[in-house]
Structures are given as C-alpha cells and as structure tokens.
Amino acid sequence: PCPFWLWTDTEGEGSACSPTFTNVAFRDNRAADGGGAVALVTDEGEASPSFTRVRFEDNATEGRANAYGGNGGAFFALAFRHAWVSPTFTDVTFEANTSTGSGGAVEFFVSVGSVSNPVFEGVTFAGNTAGLDAGGLHIHTQDGEANSVAPLFSNVRFEGNTARRRGGGAVINTTRRGASVVAPAFVNVAFVENTADAVGGLELGSRSGNTLDAEITNALFARNVVASSIGALAVNGTDTDAVVSTSTITANESRVGSA
C-alpha cells in the first residue's frame with residue numbers, strides 16, 4: 001500500500017494547529033520516525049486536534065528506536081519547549097499497529113516545561129505490539145524543566161496488546177531528574193489479555209523529583225500474562241501514588257505478584 005503520513009508541526013510561541021478528523025481511517029501506513037500514521041510535533045506552540053469515529057489499523061514505525069524514532073506505531077506526539085498538546089480521541093480504535101520502539105499504537109513525549117492533557121473517551125486499543133515498552137500506549141516526560149501531564153481515560157479498553165519488555169497494555173512514567181507533575185485518571189477502563197515480559201496491564205512510575213498521582217475507578221484487570229513479574233498493575237517509584245477504587249483484579253498470571 002502507498003503510505004500516508006500526516007506531519008502536523010507548530011513552531012514558535014503563539015502558533016497553533018488543531019485539525020479535526022471525523023469518520024476517517026488510517027490504514028497500512030509506515031514511517032521511519034515516530035508515528036506510523038500521524039505525527040504531531042509542537043515546539044513552543046499549541047496543538048489540540050480532535051479525532052472522532054476514527055480507526056487506526058495496521059500502521060507501523062520501521063526506524064531504529066530512540067528518543068523520537070520508532071515510537072508510536074499509529075500516533076506520535078511531541079510537546080517540546082513550553083508547548084501545549086492536548087488532543088481528544090472519541091470513539092476511536094487502535095488495532096494491530098506496531099512500533100519498533102515504545103507505544104505500539106500511541107506515544108506521547110512531553111519535554112522542557114510543556115503541558116499535555118489528552119482525552120481518550122470510548123477508545124479501544126486492541127492487538128497492538130511494541131518492540132520495547134507499552135504495547136498499547138506510552139506517555140512519558142523528560143528533560144529538566146517541570147512538565148504537566150493529565151491524561152483522561154474514560155470508557156477505554158486495552159485488550160490483547162503486547163510489549164517485548166514492560167507494560168503490555170500501557171505505561172505512563174517520568175524519566176530523568178525534574179519537577180514534572182503527572183496525574184492520569186482512569187474511569188471505566190479494562191486491561192484484558194495483554195502480555196509482556198513484566199507488567200501485563202498498566203505500569204505507572206516516576207523518579208528523580210517528579211511526581212505521579214493516578215486515580216483508577218471502576219477498572220478491570222483480567223487475564224493479563226507476563227513471563228516474569230506483576231501481571232496486572234505496577235506502581236513504581238517513591239514519588240508515585242495510585243488510588244484504586246471499585247475495581248476488579250482477577251486471573252492475571254506471572255511468576256511473581258500476579259496482581
């Protein structure tokens with residue numbers, strides 16, 4: 001198939017780019033860098049695209065995995081140098097996408113004092129594969145200055161995704177020293193039958209002065225399978241906290257710590 005790769009680039013303070021996609025399918029696209037189908041790159045600007053009733057299927061990254069390349073098999077977002085990046089996904093399906101790096105379907109890289117508050121409502125991540133971490137979705141912050149990240153997941157399902165290393169369903173974490181604040185919220189979500197070497201369902205983690213506080217309500221973690229440790233949910237780091245309420249964790253499999 002002929003690849004189609006959308007590159008949305010806003011550069012400079014005051015610049016903005018917020019396209020709307022409705023009833024669109026992105027299929028069989030390939031990219032050497034991040035984002036097999038869509039790459040959203042924002043440097044000091046603002047981007048808040050919306051995706052409604054959109055399907056991302058069989059897209060892939062093929063480049064060598066590094067900080068930017070090879071991540072986000074279907075969708076890659078970079079918020080850099082005081083950027084504001086907050087896309088909205090409503091009734092969207094990510095299926096059978098593949099990355100050579102992290103984020104089999106979706107990757108967010110938030111850096112140098114940026115803000116990202118993506119919204120996922122009625123979204124399905126199914127059968128995606130990551131060559132490194134996060135079979136379905138990866139969100140992480142990096143590089144010194146404080147970043148602010150508050151993703152919302154409402155009525156979202158992660159099913160049958162695979163990561164070669166960690167986080168079969170999803171990984172949200174901070175890397176390197178900084179003062180980032182990350183506050184994901186999960187409401188009515190399911191992590192089912194995802195696989196990885198470690199952490200089958202969801203991994204949350206912060207380090208080096210960053211903080212991560214998650215709220216998980218009415219969640220299902222079921223039949224996730226890992227080769228080593230932690231089948232369902234991992235909360236890592238001294239500055240990481242998760243409040244889990246009205247949720248079910250059942251029939252997950254690992255050598256150590258099935259829950």
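In this text the structure is predicted, and so the values were computed from the model without any measurement.
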Can you find a pair of side-chain heavy atoms, one from [X] and one from [Y], that are under 4.5 Å apart?
X    : Y    : value
V92  : F56  : yes
T195 : N224 : no
T88  : S86  : no
F186 : F191 : yes
V244 : L233 : yes

field: More than 12 heavy atoms of other groups within 6.0 Å of E57 CD
entry: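 Result for CD/E57: enclosed.
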message: Ring centres under 6.0 Å, that's the criterion: do H140 and F109 meet it?
response: yes
message: Taking the ring centre of each residue, are F89 and F75 less than 6.0 Å apart?
response: yes
field: S48 and S18 side chains, donor-acceptor separation under 3.5 Å
entry: yes
message: Is it true that N147 and T141 share a donor-acceptor pair across their side chains at a distance under 3.5 Å?
response: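 Their side chains do not contain a donor-acceptor pair, so the 3.5 Å distance test is not met.
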query: Would E203 and N236 count as a side-chain hydrogen bond (donor to acceptor under 3.5 Å, both in side chains) if you check the C-alpha gap in whole Å, the side-chain angles of each, and the deciding distance to 0.1 Å?
result: CA-CA 8 Å; E203 180 171 22; N236 297 322; 2.6 Å; yes
message: What verdict does the salt bridge (Lys or Arg N to Asp or Glu O under 4.0 Å) test give for R53 and D91, after you've listed the backbone C-alpha separation in whole Å, the side-chain angles of each residue and the deciding distance to 0.1 Å?
response: CA-CA 5 Å; R53 296 186 298 278; D91 297 331; 5.2 Å; no
field: Residue of the set F158, F125, F120 for which ring-ring contact (aromatic ring centres under 6.0 Å, His included) holds with F94
entry: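 With F94 as partner, F158, F125, F120 yield a single ring-ring contact (aromatic ring centres under 6.0 Å, His included), made by F125.
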field: Lys/Arg N to Asp/Glu carboxylate O, D133 vs R165, below 4.0 Å
entry: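 Judged by the 4.0 Å cut-off on N to carboxylate O distance, D133 and R165 do form a salt bridge.
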Member of N173, I172, V171 meeting the side-chain contact (heavy atoms from CB on, under 4.5 Å) criterion with I139: I172
If only atom types and distance count, is the side chain of [X] paired as donor or acceptor with the main-chain N or O of [Y] below 3.5 Å?
X    : Y    : result
T61  : G70  : yes
N194 : N161 : yes
S114 : V110 : no
T162 : G135 : no

message: Over 60° means perpendicular and under 30° means parallel, so tell me whether F21 and F51 are parallel, tilted or perpendicular.
response: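 Parallel, since the angle between the ring planes stays under 30°.
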query: Closest approach of A232 and N252, non-hydrogen atoms and distance?
result: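 That closest heavy-atom pairing would be CB-ND2, 3.6 Å.
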